[in-house]
Amino acid sequence: MTATTVAAPTSRPAHRDPQVARWLGAYTASTVGDSVYYLALSWAAVSSGSPAQAGLVMAVSAVPRALLLLVGGVIADRLGPRRVVLVSDTVRCLVTLGLAAVLLATAPGPWVLAVAALAFGTVDAVFLPAVGALPPRIAERDQLARVQGLRGLAYRTGSVLGAPLGGLAVAVGGPAGAFGAAGLLFALSLPLLCALRLRPLPAGEKTGGAAARDLTAGLRHLRGHRVLGPLMITILLADLGFVGPLNVGLAVLAEQRGWGAPGIGWLLAGFGTGAGAASLLLAVRGRLPRAGFLIGWTMTLGAASIAALAFVPLLPAAVAVALVIGLLAGLSGSLCSALLQTECDPAYLGRVSAVAGLGSLGIAPLGMPVSGAAIGLWGTGPVFVAGAAVCALSGVFALAVPALRRAELPRD
């Protein structure tokens with residue numbers, strides 16, 4: 001009797017999976033809608049009030065997002081990420097279309113825009129953890145690295161297309177037209193999200209009962225995990241070193257070097273190109289070996305590039321350095337996201353994604369006013385070097401923790 005070997009079924013590549021294609025289309029539409037919305041909001045805020053009022057309108061959405069993000073993670077795990085994302089985009093669609101109608105009928109004061117921004121921040125608090133929890137429910141575990149690469153490409157596409165589309169909408173129809181365009185983009189995501197079919201959760205702990213108990217259970221899962229706990233510390237340190245110095249320092253650097261607004265545009269283009277290339281690499285390869293080791297070294301080399309940027313006198317060289325920063329930061333960020341999704345129990349993924357998002361969206365932005373004040377006292381050079389030192393610390397920490405350093409993405 002001859003034994004026959006049956007080949008194990010292989011998972012469909014992410015870029016050929018219709019489930020992933022639907023999710024990617026919905027995510028891209030939503031991302032472009034976000035860009036158009038924020039451009040319309042800033043234009044309407046500047047047009048209807050003082051610069052101080054405009055700044056308040058633009059900043060008010062960050063408050064509920066930071067305060068409610070962990071609660072949003074519990075909601076995403078309780079209700080399911082698809083349902084939460086679907087409701088979130090529905091609310092955003094209704095808010096933007098309603099705001100467009102108000103602007104067509106009258107000239108509202110800044111407080112109306114502030115209320116809309118507050119609503120968006122509240123929705124973001126549940127939307128962001130749900131977005132992080134969706135990929136493992138629609139794709140095989142060994143395809144999650146590719147999905148993260150595709151998500152990065154979609155995000156960059158949304159950022160690149162959103163700004164000119166929003167500017168065109170404002171030029172043609174004013175802020176009302178831009179808000180209307182954003183609402184239609186959010187609406188475009190809804191049928192794609194409705195068509196998604198989620199994989200069932202594996203047997204394990206279910207959410208229910210008190211929200212505080214669910215949140216505590218998620219934090220306990222995170223704290224007791226050999227990879228996820230150190231990974232959260234690594235992500236937070238990298239965000240603290242990256243967000244403040246670069247978001248504030250690039251504009252100051254361009255002004256000091258005489259590059260002006262076009263110089264900022266070129267630097268951002270270089271960074272975006274590098275980050276897009278990193279996403280493309282991960283989408284094509286699907287898996288990079290020694291992921292934890294790569295995270296440590298890309299963060300360390302990226303830190304050296306951040307420090308070097310402050311001392312480059314010529315714009316073309318600075319753009320090249322920005323491209324390297326984008327490539328390394330994009331690669332480390334995508335690998336961190338892929339590791340988070342492959343290591344985390346899917347039942348906790350909304351809560352764990354919320355913790356990761358709290359660092360980048362709630363804690364790290366607090367460093368921006370500190371960076372601004374420090375640049376005023378000591379200049380861009382020392383602040384870039386200090387930020388680079390914190391980023392380097394994140395890379396050294398990742399390499400120093402054996403479980404994280406040896407962490408691998410699953411083979412496809």
Side-chain angles (χ1 to χ4, degrees), residues 31 132 145 148-160 231-251 253 264-285 288 290-310 312 317-341 356-357 359-361 363-365 367-368 371 380 383-399 404 407 409:
T31 302
Q148 285 307 307
L150 292 170
R151 178 182 174 182
L153 288 174
Y155 178 80
R156 295 297 163 191
T157 300
S159 300
V160 169
L231 183 62
M232 291 299 107
I233 297 174
T234 300
I235 293 172
L236 177 59
L237 288 173
D239 286 335
L240 286 174
F242 186 88
V243 171
L246 264 73
N247 277 276
V248 179
L250 281 182
L253 186 68
I264 301 174
W266 279 108
L267 290 172
L268 292 176
F271 176 83
T273 300
S279 297
L280 180 62
L281 173 64
L282 201 57
V284 171
R285 289 291 303 272
L288 296 177
R290 307 185 70 184
F293 183 80
L294 274 178
I295 287 172
W297 275 109
T298 51
M299 286 183 172
T300 304
L301 294 174
S305 302
I306 291 172
L309 184 60
V312 177
V319 171
V321 174
L323 189 148
V324 172
I325 295 173
L327 178 64
L328 294 171
L331 193 55
S332 61
S334 295
L335 287 173
C336 284
S337 296
L339 266 185
L340 186 153
Q341 293 186 344
S360 59
L361 298 172
I363 298 175
M368 288 195 282
S371 296
T380 53
V383 173
F384 271 64
V385 170
V390 178
C391 286
L393 181 61
S394 70
V396 172
F397 178 81
L399 293 170
L404 180 53
L409 294 173

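With rounding to the nearest 0.5 angstrom, the CE atom of M232 is 10.0 Å from the CG atom of L404. Note: R151 CZ to T31 OG1 = 8.5 Å, rounded to the nearest 0.5 Å. Atoms CZ and CZ, from F271 and R156 in turn, are 5.5 Å apart once rounded to the nearest 0.5 Å. If you take CG on L282 and CG on L150, they are separated by 9.0 Å, rounding to the nearest 0.5 Å. With values rounded to the nearest 0.5 angstrom, Q148 atom CD is found 11.5 Å from L153 atom CG. To the nearest 0.5 Å, the span separating CD1 on I235 from CG on D239 amounts to 7.5 Å.
Smallest separation of non-hydrogen atoms from L253 and A310: CD1-O, 4.1 Å. Closest of all the heavy-atom pairs between L267 and V319 is CD2-N, 3.9 Å.
For L323, the side-chain contact (heavy atoms from CB on, under 4.5 Å) test picks out T273, with sequence neighbours left out. The side-chain hydrogen bond (donor to acceptor under 3.5 Å, both in side chains) search around S371 returns none, not counting sequence neighbours. Every residue two or more places apart in sequence or in another chain was checked for a ring-ring contact (aromatic ring centres under 6.0 Å, His included) with F384, and none qualifies.
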Check residues 389-398 and write down every donor-acceptor pair under 3.5 Å in which the side-chain atom is one partner and the other belongs to a residue at least two apart or another chain.
{"residue": "S394", "atom": "OG", "partner": "C391", "partner atom": "O", "Å": "2.4"}

Counting only pairs under 3.5 Å, give me each side-chain donor-acceptor contact of residues 324-336, with atom names and distances, residues two or more places apart or in other chains.
{"residue": "S332", "atom": "OG", "partner": "L328", "partner atom": "O", "Å": "3.1"}
{"residue": "S332", "atom": "OG", "partner": "A329", "partner atom": "O", "Å": "3.1"}
{"residue": "S334", "atom": "OG", "partner": "G330", "partner atom": "O", "Å": "3.0"}

Listing, residues 291-304 side-chain donor-acceptor contacts under 3.5 Å, not counting sequence neighbours, or none:
{"residue": "T298", "atom": "OG1", "partner": "L294", "partner atom": "O", "Å": "2.7"}
{"residue": "T298", "atom": "OG1", "partner": "I295", "partner atom": "O", "Å": "3.1"}
{"residue": "T300", "atom": "OG1", "partner": "G296", "partner atom": "O", "Å": "2.8"}

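Side-chain contact check for I306 versus V321: every heavy-atom pair is 4.5 Å or farther apart.
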